[in-house]
Amino acid sequence: MNEQQNPQSAQPVQDVHRLRKIKRRRRMIRRALLFVLLSGFILVLYVNRDLWIPKLEKIGQTQQFVQQSDGALSGNRFPLSIYGGAAYQTGTMDGRLLILSDTHLYLYKADGSLEDARQHAYGSAMLQTAGDYALVYESGSARFRLETKNKTVYEKNSSDSIVFGRVSGDGMVALVTTSETSACKLVVYNEDGKAIYQRNCVNQLAEVAFDTENGGCYAVSIRTKDGVLQSVVNSYDFNSEQPRWTAAPLDMLCISVYNTRDGGVFVLGDAGCAFLDVGGAVRSTYHYPDSLVSGAFYRDTAAVLLRNDEKRTNTVALLRQDGTEPLLMDFASTVKDVAISGDRVTVQTRTALETRNYSGERIAATDISDRFDSFMPMDSYVFLMGYDVIDRISLP
């Protein structure tokens, strides 16, 4: 007699199979949700890669920072010590000393107190200052920002990689960028960050300066003729596609270009310098007898520091817009830097900071340490810059 299977005895087996299916389904759902979350996280990282990749590259590196001296009781917090071993850049803006490190833009008052520290994530940050504004941009990338003492006015991305940038005292920004259709591109932004002018350039630009009215700019292009580098100054109007004028080529590589007081141009080059009038005609030129170390310009006067290592001579040539003969000032010791402020010429030697008038007569001298490589005037002060320290002294 065959035994009949009890239906109730099969029930536990069916329950076990059902539970296993439920567990498998839950595991699949969890894996699917995890995959979706992981995919979303990766997508967010990719979209914001320009923000976190530069920071990731800095992991393991010593971050640079600035430390004040303990001189609060005397009201003087100088010298400022630079830590981290990274190169820093300086500038002045609206009575503030600006220090750009690899991670921050620091704003210091004249007494050395820290007013603000603004972080940036630019891999190769560069600083330019003029008047009440500062431009910080990432060389070789597209990011740039305009700063005042109170805030970051705006931050934008250009359509192409930035070669270099300049800022005016009224907050206008000129960027020279790469271009797929020409040697480079010039783009100008107003103080609100709106692009108001664009030009594709046949030759590479070496320098740009705004005119006195900020209605245009001077752009210096570089070309080669018979193996010689030449600089050509072009005057552009932001309301016209045609240049105002194009000057005759100068046999020099332009380093800087400046506005003169009457609307002309001064071009500082590697082998010489030149004054141009308001129409681009050459007023005067000066070819250096020795190697150029540095140069400075103010209103209608230029000072160029020349050195001859074989003869061990250091000369500062003072050049005037009116075309008079250059005034040559010879120094027995090594001259490191030169600047012009008002009607005075300030010269930094290894152990002193000398102030002279336009006739070459020494007005005053202040002893300084040999640890400083350059200096920067601001109002009634001079900031001395060394490898890892910035100090301040009062002008005589």
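As the structure is a computational prediction, the values presented were derived from the model and not from experiment.
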[Y] and [X], any side-chain heavy atoms less than 4.5 Å apart:
X    : Y    : value
L80  : Y108 : yes
L318 : V345 : yes
T148 : D94  : no
L250 : V232 : no
C184 : C201 : yes
L327 : Y358 : no
F275 : D300 : no
T178 : V163 : yes

message = Under the side-chain hydrogen bond (donor to acceptor under 3.5 Å, both in side chains) definition, can you give me all pairs with a residue in residues 263-286, not counting sequence neighbours?
response =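 Checked against side-chain hydrogen bond (donor to acceptor under 3.5 Å, both in side chains) - neighbours excluded - the pairs reaching residues 263-286 are D262-R283.
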
task = Scan for side-chain hydrogen bond (donor to acceptor under 3.5 Å, both in side chains) pairs involving residues 311-320, sequence neighbours excluded, and state none if there are none.
result =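 Found T301-R320, R307-N314, T315-D330.
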
How long is the span from the [atom1] atom in [X] to the [atom2] atom in [Y], to the nearest 0.5 Å?
X    : Y    : atom1 : atom2 : result
D373 : Q348 : CG    : CD    : 7.5 Å
S380 : I393 : OG    : CD1   : 11.5 Å
S341 : D379 : OG    : CG    : 8.5 Å
S113 : R77  : OG    : CZ    : 5.0 Å
Q119 : H104 : CD    : NE2   : 4.5 Å
L205 : I222 : CG    : CD1   : 8.5 Å

Can you check whether [Y]'s main-chain N or O pairs, donor with acceptor, with [X]'s side chain at less than 3.5 Å?
X    : Y    : result
T349 : V335 : no
D211 : G215 : yes
E354 : V347 : no
T224 : V228 : no

Report whether [X] and [Y] are members of the same hydrophobic cluster (ILVMFWY, side-chain heavy atoms less than 4.5 Å apart, transitive linking).
X    : Y    : result
Y88  : M126 : no
Y106 : M376 : yes
Y133 : I162 : yes
I255 : V304 : yes
F266 : V233 : no

key: E207 vs R166, salt bridge (Lys or Arg N to Asp or Glu O under 4.0 Å): CA-CA, chis, key distance, verdict   = CA-CA 9 Å; E207 183 61 296; R166 298 292 181 260; 2.8 Å; yes

ask   = With a distance cut-off below 6.0 Å to the six-membered ring centre and an angular limit of 45° from the axis, does R145 pair with Y137 as a cation-pi contact?
value =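 Output no; distance or angle outside limits.
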
query = For the residue pair Y298 and Y258, is the inter-centroid distance of their aromatic rings smaller than 6.0 Å?
reply =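 No, the ring of Y298 stays outside the 6.0 Å limit from the ring of Y258, centre to centre.
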
inquiry  = Ring centroids only, cut at 6.0 angstrom: are Y154 and Y189 within range, meaning strictly under it?
reply    =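 No, too far apart.
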
query = Does R118 CZ have over 12 foreign heavy atoms under 6.0 Å away?
reply =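 More than 12 heavy atoms, drawn from other residues, nucleotides or ligands, come within 6.0 Å of this atom.
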
Less than 4.0 Å between a side-chain N and a carboxylate O, is that true for [Y] and [X]?
X    : Y    : answer
D391 : R371 : no
R143 : E155 : no
D132 : K149 : no
D370 : K336 : yes

query = Can a donor-acceptor pair be found between the side chains of D322 and T324 at a distance below 3.5 Å?
reply =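 Yes, because at least one side-chain N or O of D322 sits under 3.5 Å from a partner of the opposite role on T324.
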
ask   = Going by atom types only, do S124 and E138 share a side-chain donor-acceptor pair under 3.5 Å?
value =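 Judged by distance alone, the side chains do not pair up.
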
ask   = Of the non-hydrogen atoms in H120 and A125, which two are nearest, and what is the gap between them?
value =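 Looking at all heavy atoms of both residues, the shortest contact is CE1-CB, 3.6 Å.
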
inquiry  = Does N259 form a side chain to side chain donor-acceptor pair (under 3.5 Å) with T212? I'd like the steps, not just the answer.
reply    = CA-CA 7 Å; N259 294 312; T212 53; 6.0 Å; no

